[in-house]
Participant: 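Pasting a structure below so you can have a look.
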Amino acid sequence: MEVNFDLHKYITIFDDVMPKKTLKSFKKICDNNKNFQAATVIGEDQPILNENIRKVKTWPLHNITTNSYTEVLWCNYLIYHLKICITNYCHFHNFEKEFLINDVEVLKYEPGGHYKFHTDHNMKIPRSFSCIFLVNDNYKGGELCFRYPQSDKITTIEKKENRMIIWPSNFLYPHCVKPVMEGERYSVVAWAL
């Protein structure tokens, strides 16, 4: 028995997520932010720094455990837009699911920055949906790509500022960020349970 199931249809794109003026302000915050730190990957016992797998800087946003009103504002604002997009995603795909956004991070990929193929759900950190919001598109390289399981077929998502991409976090959606060749790539990543 052969089953033909189009996984690509569950990768959903939302464009023009926030007003352009607001996006410009957020980009300026990213450009001037000194809180970016090297990102880790999940290790056996604890997170580890492995730039062969993931070379990117991260700025985790918090709306409770911070003294920065700016961070609280942006975290809540981004969660607001994430909830709208995830709700629309669930409605569009006929998922009857309540969800909770459990992490929001701003990522900064500089030249050479990349993230090899991986999936977002695992035993240590269970996730249902993955979201990437592309803040800017004025860089070279840095494409978001999906690889179909047990296949060489790769789907590349066109980079476009103010674009949200949502997909299931499970093993069927290995994805990567190709190396940035020039400029800086800013994105916001979040996951929902």
Side-chain angles (χ1 to χ4, degrees), residues 11 14 17-18 22-23 25-43 46-51 53-86 89 99-110 112-122 124-137 139 142-146 157 159 161-170 173-180 183-193:
I11 301 169
F14 300 91
V17 171
M18 66 174 68
T22 307
L23 181 67
S25 295
F26 184 65
K27 169 97 170 41
K28 187 181 270 189
I29 291 287
C30 293
D31 284 336
N32 296 321
N33 194 304
K34 306 293 185 218
N35 295 317
F36 284 100
Q37 299 176 352
T40 58
V41 294
I42 296 169
Q46 62 185 11
I48 58 171
L49 183 63
N50 185 336
E51 290 188 348
I53 297 172
R54 183 182 192 201
K55 185 178 180 185
V56 62
K57 293 181 179 175
T58 182
W59 169 34
L61 290 178
H62 305 282
N63 58 4
I64 297 173
T65 59
T66 181
N67 292 327
S68 168
Y69 292 125
T70 301
E71 187 173 327
V72 170
L73 172 93
W74 283 112
C75 185
N76 286 329
Y77 186 75
L78 290 164
I79 287 172
Y80 168 78
H81 285 290
L82 286 159
K83 285 183 176 180
I84 290 171
C85 290
I86 294 171
Y89 178 90
F99 59 87
L100 171 68
I101 296 172
N102 60 347
D103 287 311
V104 179
E105 297 178 21
V106 182
L107 299 181
K108 179 181 182 179
Y109 289 84
E110 297 172 319
H114 66 277
Y115 198 169
K116 292 196 175 185
F117 277 104
H118 65 284
T119 55
D120 293 332
H121 173 81
N122 61 64
K124 291 183 180 180
I125 306 175
R127 295 167 171 160
S128 298
F129 302 112
S130 298
C131 310
I132 292 181
F133 175 67
L134 301 178
V135 176
N136 64 321
D137 59 12
Y139 54 89
E143 296 88 356
L144 172 64
C145 300
F146 289 86
I157 304 298
K159 61 184 175 186
E161 73 176 14
N162 210 4
R163 169 172 279 181
M164 180 85 70
I165 305 108
I166 301 176
W167 68 93
S169 300
N170 65 46
Y173 294 88
H175 56 283
C176 75
V177 175
K178 290 188 175 179
V180 170
E184 294 175 335
R185 176 192 193 268
Y186 291 112
S187 59
V188 175
V189 293
W191 301 273
L193 294 174

Participant: Under 6.0 Å from the six-membered ring centre of Y186 and within 45° of its axis: does the NZ or CZ of K27 meet both?
Facilitator: no
Participant: Count the heavy atoms of every other residue, nucleotide or ligand shown that sit under 6.0 Å from NZ of K116, and state whether that count exceeds 12.
Facilitator: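 No, not enclosed.
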Participant: Any donor-acceptor pair under 3.5 Å linking the side chain of R127 with the backbone of N122?
Facilitator: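 No, the answer is negative, given that no donor and acceptor are paired below the 3.5 Å cut-off.
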Participant: Got a sec: does the NZ of K124 have more than 12 other heavy atoms crowding it under 6.0 Å?
Facilitator: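 Buried by this count: over 12 neighbours within 6.0 Å.
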Participant: One pair to check against side chain to side chain contact (heavy atoms under 4.5 Å, CB included): L107 and R185. What are the steps and the verdict?
Facilitator: CA-CA 8 Å; L107 299 181; R185 176 192 193 268; 5.6 Å; no
Participant: Verify, without hydrogens or angle tests, whether K57 (side chain) and E110 (backbone) share a donor-acceptor contact under 3.5 angstrom.
Facilitator: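 Side chain of K57 to backbone of E110, a donor-acceptor pair under 3.5 Å: no, none is there.
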Participant: Closest approach of S187 and L134, non-hydrogen atoms and distance?
Facilitator: CB-CD2, 4.3 Å
Participant: Quick check: does any side chain N or O of H114 sit under 3.5 Å from a backbone N or O of Y109, one acting as donor and the other as acceptor?
Facilitator: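 Side chain of H114 to backbone of Y109: no pair is present.
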Participant: Compute the centroid of each ring, for F99 and then for F129, and state whether the two points are separated by less than 6.0 Å.
Facilitator: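 F99 vs F129: aromatic centres not under 6.0 Å.
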Participant: Search all heavy atoms of N102 against all heavy atoms of W191 and return the closest pair with its distance.
Facilitator: OD1-O, 2.7 Å
Participant: Which of these, I86, V104, V189, sits in a side chain to side chain contact (heavy atoms under 4.5 Å, CB included) with C131?
Facilitator: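 Testing each of I86, V104, V189 against C131, the sole residue satisfying side chain to side chain contact (heavy atoms under 4.5 Å, CB included) is I86.
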Participant: Working note: L73 + Y69, criterion side chain to side chain contact (heavy atoms under 4.5 Å, CB included); need CA distance, chi angles, decisive distance, verdict.
Facilitator: CA-CA 6 Å; L73 172 93; Y69 292 125; over 6 Å; no
Participant: Taking atom CH2 of W167 and atom OG1 of T119, what is their separation to the nearest 0.5 Å?
Facilitator: 11.0 Å
Participant: Apply side chain to side chain contact (heavy atoms under 4.5 Å, CB included) to residues F26 and N162 and explain how you reach the verdict.
Facilitator: CA-CA 11 Å; F26 184 65; N162 210 4; over 6 Å; no
Participant: Specify whether H118 and Y115 have parallel, tilted or perpendicular ring planes, treating 30° as the upper limit for parallel and 60° as the lower limit for perpendicular.
Facilitator: parallel
Participant: Could you walk me through whether H175 and I157 pass the side chain to side chain contact (heavy atoms under 4.5 Å, CB included) test, one step at a time?
Facilitator: CA-CA 10 Å; H175 56 283; I157 304 298; over 6 Å; no
Participant: Closer than 3.5 angstrom, by distance alone: can the side chain of S169 be matched with the main-chain N or O of H121 as a donor-acceptor pair?
Facilitator: no
Participant: So R54 and V177, do their side chains get closer than 4.5 Å, heavy atoms only?
Facilitator: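 Answer no - side chains too far apart.
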Participant: Between atom CG of N76 and atom NE2 of H62, what is the distance when rounded to the nearest 0.5 Å?
Facilitator: 12.5 Å
Participant: Could you tell me whether a side-chain N or O of N136 sits under 3.5 Å from a main-chain N or O of E184, the two making a donor and an acceptor?
Facilitator: yes
